[in-house]
Amino acid sequence: MDVSKVLPFFRLYYKNLNPEDLSIPQLDRREFALWDFLSNNMIRHLAFKNSVELKEGLSKRTPRHVYYSVSTYEYPFLPDMEMKKMISTNLVFDIDIDHVYTPCKEIHDSWLCRNCGNSGSGFTDSCKFCGSPSLDKLSFVCNECLEVAKSEVLKLIEDFLFADFGIKEDEVKIVFSGNRGYHVHVENEEFSNLDSKARNMMIDYIKGITARHYFLDFLKKQKYKFKGIASSGYPSRLAEKILEELLAANEHDLIKIGISEIKVKDLMAIKEKIIQSLQGYSADYGFLRSIGSKSKEIITKAISDISVEIDERVTVDNHRLIRMPNSIHGKTGLRVTPLGYNDLDNFDPFRDSVVFKEGYARIKIKRKLPSIKFFFGDNEFFLGSLNEAKVPIALALYLTLNEYADIYELL
Amino acid sequence: MSFDVYELSKYPFLDSLKDFLRLNDFKIEDLLKQPNEVLNAAIEKIKSLAEKKSESVYPPDIEIKRFVLSMYIVSHLGSFYIERFAERESKKLSKLLKEEDSEEIFKIARSLISARIRRIERRTKDPKFPTLMTYAMPIKDYLKYAAYLGDYNWSLAFHEIKGGEILLTSRELVRILEEAYRQWIIIKCNEMREIYTPEIDPLVEHLSKELPLFRTRKFDEKVVYKGVDPPCMRILISDLKQGKKLSHMGNFSLAAYLRAIGYSVEETLELFKNLPDFKESVARYQIEHIYGLRGARKAYSVPSCLTLKAANLCFPESPGCDNIKHPLQYLRKVKDGRK
């Protein structure tokens with residue numbers, strides 16, 4: 001990448017940035033880290049008194065990436081983590097589309113197994129041939145990917161943070177990370193004081209890890225009495241999800257997923273009774289007995305549907321650095337965009353996070369792009385035919401910073 | 001100002017403790033200066049803890065004073081002593097609460113954990129017990145304590161949760177209170193550690209000599225942390241070295257892990273001697289069982305990441321934890337240089 005072609009855009013952005021857009025709570029207690037464009041090094045343990053000083057620092061250094069600590073410290077500028085003296089740690093959730101299954105990945109993602117050399121397309125954690133988790137992955141973030149990420153954010157906020165944990169709307173700040181997903185910051189002092197073990201427990205709940213493991217274990221042990229929809233929390237949502245699936249399915253659908261015709265008939269005969277039971281406070285899942293091994297699939301899918309894939313390390317690690325809102329993501333040129341809960345529905349990251357709107361550039365493709373339509377800015381592009389094309393500067397920066405292309409002429 | 005001294009002697013964390021101490025002109029330095037009934041009672045309490053004997057019972061006012069003085073002495077004996085003291089006192093609380101009615105449990109819970117805890121009476125289908133008392137606890141408080149209980153039953157997924165509250169049965173609340181009290185004692189002891197009176201030095205020196213069991217154990221070179229443990233095991237070892245209590249699953253997982261990385265029964269036992277509730281005969285039996293030397297003669301394997309997650313023991317802080325299903329895979333990754 002020719003840094004001289006991209007650096008001026010970042011410089012201009014930070015020069016014109018309004019300090020009011022850098023209003024980070026307890027800014028003077030945070031550690032800041034900047035990723036230097038030229039040396040490709042992270043400069044850590046920086047501290048600023050206020051947003052004006054921070055803006056000046058950014059303007060002077062023109063970083064590629066800007067991060068700040070999720071924790072506040074007595075001495076944020078000291079290099080030793082112990083000596084910094086931690087005060088508290090914000091509760092932050094990270095939804096990264098890399099960790100979430102989306103059907104579009106079949107089209108634009110591929111992997112190569114380092115163990116057996118086989119390759120494939122789509123979303124996977126391990127080689128589909130030898131099972132090795134050691135994979136080299138090529139992935140692209142398309143419009144659909146970020147729509148899925150958005151729906152995961154809504155699930156996290158509405159079902160877990162608001163409904164279960166009682167967190168208020170004004171305590172939740174959503175930030176589009178500028179690339180693959182969203183960060184959800186909870187600004188609530190009591191949650192900020194929770195230690196790693198307590199946070200781990202929240203993560204387990206949100207990701208449905210224990211639920212998946214033990215509900216399946218209960219089925220194996222033929223325990224079928226759980227709480228139903230009239231209860232609350234996870235058991236209620238699980239019953240609701242299963243009821244939803246059941247109501248939507250007809251005999252044909254059930255046969256199609258592999259349940260025998262006789263079993264489907266039996267099931268349909270008691271459908272009303274099942275619905276009634278699931279809607280109650282105590283639900284009887286005994287009907288799953290009759291569908292045998294398929295019950296495992298049904299429960300697994302229902303739990304996946306009601307859980308949220310979050311990156312647990314971001315929430316648990318209290319020394320974590322996170323991208324600063326209103327900085328530029330150095331791998332996309334998009335703005336790390338803060339949003340309110342009510343803004344999320346209409347937010348389109350590839351339209352609303354575009355910063356550099358004036359001008360065009362001619363690009364040369366150096367790494368194969370997926371052959372898909374891509375909505376970026378206010379236009380639609382076909383990624384397979386962009387070589388030597390004149391494109392808006394924001395898209396040119398997006399592809400250049402992402403190492404897909406090189407800008408060879410600014411127009 | 002009025003308070004029930006008998007009640008305070010049973011539950012010395014109640015808000016009235018401060019008033020009691022003030023009214024009785026309670027001063028630690030005065031009590032430490034020369035032998036007196038409270039000091040003797042406090043020493044007896046600490047010795048009984050070391051010798052695992054039951055303690056004598058004193059009149060309520062002495063009982064309260066000796067509790068506070070024992071906490072002060074224990075806090076200066078170090079974290080091993082604090083953990084053991086907290087362990088025993090919290091177990092005592094649990095026993096006492098099991099005898100109490102819901103009114104008293106509710107009162108204790110509001111005092112020790114949060115005034116926001118609510119009581120909810122629920123109707124049941126059982127004609128013998130038409131109502132059931134449940135408790136709604138702020139989830140933030142629940143997380144603080146349940147996270148240390150290490151059993152899947154405490155997982156949020158198996159409870160009713162709504163609007164920031166979690167519903168608990170009376171039995172569950174008592175177990176949470178036990179843990180809350182354990183943490184309360186540890187916090188108070190750590191605060192007391194910062195208060196220095198010269199009179200404490202000779203007493204600590206004397207007690208350290210007299211109570212050999214309480215001496216800080218030096219780790220044998222062979223059982224020193226090797227630097228390649230997965231984060232889950234690293235945390236368990238670190239907690240153990242600090243004399244902290246581990247959950248049942250924590251004990252089991254660590255023993256199985258130590259076996260897997262080549263520790264002998266004796267080496268593992270030596271490490272476990274730091275547990276505040278350590279009983280050599282019991283621990284040896286359990287470790288030998290895990291090592292496959294007893295019972296079915298089959299060694300237990302280290303639990304998978306999933307099981308450890310369910311027990312809230314998984315802390316995937318290192319990239320070495322990516323894409324692994326078992327803690328021992330972490331070691332293999334480290335050896336392969338792919339951490």
Side-chain angles (χ1 to χ4, degrees), chain A residues 114 125-126 132-135 160-168 188-215 217-218 226-227 230-238 281-282 303 306-307 311-313 316-320, chain B residues 114 116 122-125 136 138-167 183 231-232 235 239 247 250 304-319 321-325 329 332-333 336 338:
Chain A
R114 282 195 222 151
D125 280 332
S126 55
S132 166
S134 178
L135 305 175
F160 291 93
L161 303 187
F162 291 170
D164 288 350
F165 298 148
I167 292 165
K168 295 186 184 78
N188 175 305
E189 206 183 316
E190 284 178 297
F191 278 99
S192 293
N193 290 328
L194 291 177
D195 66 10
S196 292
K197 277 203 153 208
R199 286 163 196 248
N200 216 24
M201 212 168 178
M202 290 177 97
I203 289 161
D204 173 87
Y205 180 58
I206 293 167
K207 292 186 83 164
I209 298 164
T210 299
R212 189 174 292 126
H213 186 54
Y214 283 96
F215 274 118
D217 197 44
F218 293 153
F226 305 135
K227 289 191 179 83
S231 69
S232 56
Y234 210 91
S236 164
R237 278 203 292 281
L238 180 65
Y281 179 78
S282 297
I303 289 176
I306 61 173
S307 306
D311 182 348
E312 53 222 65
R313 281 205 291 266
V316 172
D317 182 3
N318 46 24
H319 293 316
R320 199 82 185 179
Chain B
S114 164
R116 283 183 285 169
R122 285 201 146 171
R123 272 189 229 142
T124 71
K125 285 176 185 167
I139 203 148
K140 289 164 269 194
D141 296 309
Y142 178 81
L143 288 166
K144 260 192 272 178
Y145 307 119
Y148 287 84
L149 301 182
D151 184 285
Y152 79 88
N153 284 315
W154 298 102
S155 162
L156 298 176
F158 300 127
H159 286 87
E160 281 192 76
I161 297 172
K162 202 177 178 183
E165 288 181 327
I166 183 161
L167 283 188
Q183 292 190 23
C232 50
I235 288 166
D239 283 354
S247 65
S304 69
C305 297
L306 190 66
T307 310
L308 289 167
K309 259 188 185 101
N312 202 25
L313 295 170
C314 170
F315 295 90
E317 291 164 353
S318 153
C321 291
D322 282 345
N323 297 322
I324 63 167
K325 289 177 179 166
Q329 279 178 293
R332 282 181 213 125
K333 279 179 102 173
D336 292 349
R338 286 193 269 117

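Only heavy atoms go into these numbers, but all of them, side chains included; no hydrogens, no water, no symmetry mates. Protein chains get the first letters and strands the later ones, always in sequence-line order, with residue 1 at the start of each.
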Could you check which of A/D195, A/I203, A/L161, A/N193 has the highest count of heavy-atom pairs closer than 4.5 Å to chain B?
->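 Counting heavy-atom pairs under 4.5 Å, the top option is A/D195.
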Considering only heavy atoms, which portion of B/A146 lies under 4.5 Å from any heavy atom of chain A: side chain, backbone, both, or neither?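 Both parts, backbone and side chain.
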Could you pull out the closest heavy-atom pair between [X] and [Y], with the gap in Å?
{"X": "A/A211", "Y": "B/A157", "result": "CB-CB, 3.8 Å"}
{"X": "A/H213", "Y": "B/L306", "result": "ND1-CD2, 3.2 Å"}
{"X": "B/K309", "Y": "A/I209", "result": "CD-CD1, 3.3 Å"}
{"X": "B/L156", "Y": "A/M201", "result": "CD1-O, 4.2 Å"}
{"X": "A/A198", "Y": "B/L143", "result": "CB-O, 3.6 Å"}
{"X": "B/N312", "Y": "A/K197", "result": "ND2-O, 3.1 Å"}

Residue among B/R116, B/K325, B/K144 with most heavy-atom pairs under 4.5 Å to chain A: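 Of B/R116, B/K325, B/K144, B/R116 has the most heavy-atom pairs under 4.5 Å with chain A.
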query = Of all of B/Y145, B/W154, B/Y142, B/Y148, which one pairs up most often with chain A through heavy atoms under 4.5 Å apart?
reply =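 The answer is B/Y148.
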Under the salt bridge (Lys or Arg N to Asp or Glu O under 4.0 Å) test, residues paired with A/R212 that sit two or more places apart:
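A/R212 satisfies salt bridge (Lys or Arg N to Asp or Glu O under 4.0 Å) with no other residue.
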Is the A/Y214 ring parallel, tilted or perpendicular to the B/Y152 ring (thresholds 30°, 60°)?
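Ring orientation of A/Y214 relative to B/Y152: parallel.
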Straight-line distance of A/K227 NZ to B/L167 CG, nearest 0.5 Å: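 Rounded to the nearest 0.5 Å, the NZ-CG separation comes out at 8.5 Å.
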Margin query: Nearest 0.5 Å, please: how far is NE2 in B/H159 from CG in A/D164?
Written below: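 One finds 13.5 Å between CG of A/D164 and NE2 of B/H159.
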Side chain, backbone, both or neither: which part of [X] has an atom under 4.5 Å from a heavy atom of chain B?
{"X": "A/F226", "value": "neither"}
{"X": "A/F160", "value": "neither"}
{"X": "A/E312", "value": "side chain"}
{"X": "A/S126", "value": "neither"}

Can you list the steps and then say if B/F158 with A/F215 is a ring pair (Phe, Tyr, Trp, His ring centres under 6.0 Å)?
CA-CA 10 Å; B/F158 300 127; A/F215 274 118; 5.7 Å; yes
